[in-house]
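Below you'll find the structure, written out as structure tokens, and then a few comments.
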Amino acid sequence: MFPILFKIGPLTIYTYGFFVFLGVLCGYFACSSQAKKEGIAKDEFSDIFFWVIVFSFLGAKLLYLLIEWRYFLKNPLALIRSGFIFYGGIIAGLATVYFLAKRYKIKFLKLIDSIVIGIPLAHALGRLGCFFYGCCYGKPTKLWCGISFPKESPAGLSGLKVIPIQLVSVVSLVIIFLILLRIAKKKRFSGEIFLSYGFIYGIFRFVVEFFRGDPRGEIIFLSTSQLISLLVISLSGFLFYRWRRNY
């Protein structure tokens, strides 16, 4: 819709990049607020947050490469401008948090609760960037809610109106963020925010995938993200039951 936010001389500020940056920034403030409540030093948390972001983006890119490897063999330069798969970032970020928790001698569950609470807010702003760029779009539709994207955008290549699933995601992710804030206020055990996020987001992602129109990568009749979502929902629910019972 508006891929370029503005230009200052030779400098071009892209809307997608701007919202991703804004998402990381807002996510940091939400996370650091929870980290303070968990008793984690600000300087240590800032260092940890930086590396989690770096490896999360690398993980998201790597999973996208693994899913679409055939395409990249034919178009290796496309890797530079290609997208990301969110779950790849979550997996890499989780591993990074675990490693850094050991290094800084911080309890893993307290640290991951602090990191997770800001993810849906950052994700929501990132999806807003997707809308303005025209990626991560929905399936074609003739309903009133359909939007025609510019032909030069990924969502506009077909010339059909598509479901603005990015905006649906924005609203849903903000709601998830508000739910996590509510849970954080009445937190009963370490890891509750983490598991709540995994369970709620897993359900949301599984459902929303049915309405996505961009290439998803499929295994049997489900997308890669749907299969991961099923695993995340099951594991989060099981651990929540176990940890809650032991509280």
Side-chain angles (χ1 to χ4, degrees), residues 15-38 40 42 45-46 48-50 52-53 55-57 59-60 84-94 96-97 108-133 135-136 138 164-209 211-212 225 228-229 232-233 235-237 239-240 243-244:
T15 309
Y16 177 79
F18 170 79
F19 277 106
V20 169
F21 172 78
L22 185 61
V24 171
L25 186 63
C26 292
Y28 169 75
F29 286 118
C31 293
S32 61
S33 177
Q34 182 63 31
K36 183 179 180 180
K37 296 176 183 177
E38 300 286 354
I40 302 173
K42 184 177 180 180
F45 182 77
S46 295
I48 291 170
F49 186 86
F50 171 79
V52 169
I53 291 298
F55 284 102
S56 292
F57 273 103
F84 303 87
I85 293 183
F86 181 72
Y87 270 130
I90 289 291
I91 295 169
L94 185 61
T96 305
V97 171
F108 170 73
L109 292 180
K110 287 189 175 183
L111 183 57
I112 197 63
D113 272 349
S114 301
I115 293 289
V116 158
I117 198 168
I119 290 178
L121 177 60
H123 197 180
L125 289 167
R127 282 290 182 239
L128 197 55
C130 291
F131 174 75
F132 286 114
Y133 177 65
C135 62
C136 304
I165 202 65
Q166 310 98 320
L167 298 183
V168 174
S169 295
V170 170
V171 174
S172 301
L173 288 164
V174 169
I175 292 173
I176 293 174
F177 172 64
L178 295 176
I179 292 173
L180 294 186
L181 288 180
R182 179 74 175 177
I183 291 172
K185 289 182 179 180
K186 299 182 178 181
K187 182 179 171 182
R188 294 163 292 184
F189 59 91
S190 294
E192 184 175 6
I193 301 173
F194 168 56
L195 295 180
S196 298
Y197 169 72
F199 188 81
I200 298 170
Y201 178 75
I203 294 174
F204 157 74
R205 188 58 183 265
F206 182 83
V207 173
V208 81
E209 284 287 305
F211 302 93
R212 291 280 291 268
S225 292
I228 297 176
S229 292
V232 170
I233 293 168
L235 187 58
S236 297
L239 291 177
F240 191 97
W243 295 356
R244 176 70 180 86

How many angstroms lie between atom [atom1] of [X] and atom [atom2] of [Y], to the nearest 0.5 angstrom?
{"X": "Thr96", "Y": "Ile48", "atom1": "OG1", "atom2": "CD1", "result": "11.0 Å"}
{"X": "Ile179", "Y": "Ser196", "atom1": "CD1", "atom2": "OG", "result": "9.5 Å"}
{"X": "Phe86", "Y": "Arg127", "atom1": "CZ", "atom2": "CZ", "result": "8.0 Å"}
{"X": "Asp113", "Y": "Ile117", "atom1": "CG", "atom2": "CD1", "result": "8.0 Å"}
{"X": "Leu239", "Y": "Leu195", "atom1": "CG", "atom2": "CG", "result": "5.5 Å"}
{"X": "Phe206", "Y": "Ile228", "atom1": "CZ", "atom2": "CD1", "result": "13.0 Å"}

message = Apply side chain to side chain contact (heavy atoms under 4.5 Å, CB included) to residues Ile90 and Ile119 and explain how you reach the verdict.
response = CA-CA 9 Å; Ile90 289 291; Ile119 290 178; 3.9 Å; yes

Side chains of [X] and [Y] in contact at under 4.5 Å (non-hydrogen atoms):
{"X": "Lys185", "Y": "Lys37", "value": "no"}
{"X": "Ser190", "Y": "Phe108", "value": "no"}
{"X": "Thr15", "Y": "Tyr133", "value": "no"}

ask   = Should the heavy atoms of other residues, nucleotides or ligands under 6.0 Å from CZ of Phe211 be counted, would the total exceed 12?
value = no

Any idea which heavy atoms bring [X] and [Y] closest together, and the distance?
{"X": "Lys186", "Y": "Glu192", "result": "O-OE1, 4.2 Å"}
{"X": "Cys136", "Y": "Ile165", "result": "O-CG2, 3.3 Å"}
{"X": "Ile176", "Y": "Ile200", "result": "CG1-CG2, 3.8 Å"}
{"X": "Val170", "Y": "Leu128", "result": "CG2-N, 3.7 Å"}
{"X": "Gly191", "Y": "Lys187", "result": "N-CE, 4.3 Å"}
{"X": "Ser56", "Y": "Gly93", "result": "OG-CA, 3.3 Å"}

ask   = Do Tyr16 and Val20 pass the side chain to side chain contact (heavy atoms under 4.5 Å, CB included) test, and can you show the C-alpha distance, the side-chain angles, and the key distance before you say yes or no?
value = CA-CA 6 Å; Tyr16 177 79; Val20 169; 3.8 Å; yes

Donor-acceptor pairs under 3.5 Å, side chain of residues 25-35 to any protein atom, not counting sequence neighbours: which ones?
| residue | atom | partner | partner atom | Å |
| --- | --- | --- | --- | --- |
| Tyr28 | OH | Ser46 | OG | 2.7 |
| Ser32 | OG | Tyr28 | O | 3.0 |
| Ser32 | OG | Phe29 | O | 3.1 |
| Gln34 | NE2 | Glu38 | OE2 | 3.0 |

task = Please assess Phe194 against Ile115 for the test side chain to side chain contact (heavy atoms under 4.5 Å, CB included), listing each intermediate value before the final yes or no.
result = CA-CA 9 Å; Phe194 168 56; Ile115 293 289; over 6 Å; no

request  = Indicate the ring-plane relationship of Phe189 and Trp243, choosing parallel, tilted or perpendicular according to the 30° and 60° boundaries.
outcome  = perpendicular

note = Checking Tyr87, Tyr201, Phe177, Phe19 against His123 for ring-ring contact (aromatic ring centres under 6.0 Å, His included), the one that qualifies is Tyr201

query = Under 3.5 Å, is there a donor-acceptor pair linking the side chains of Ser236 and Tyr197?
reply = no

Worked verdict on Ser172 versus Val208 for side chain to side chain contact (heavy atoms under 4.5 Å, CB included) = CA-CA 10 Å; Ser172 301; Val208 81; over 6 Å; no

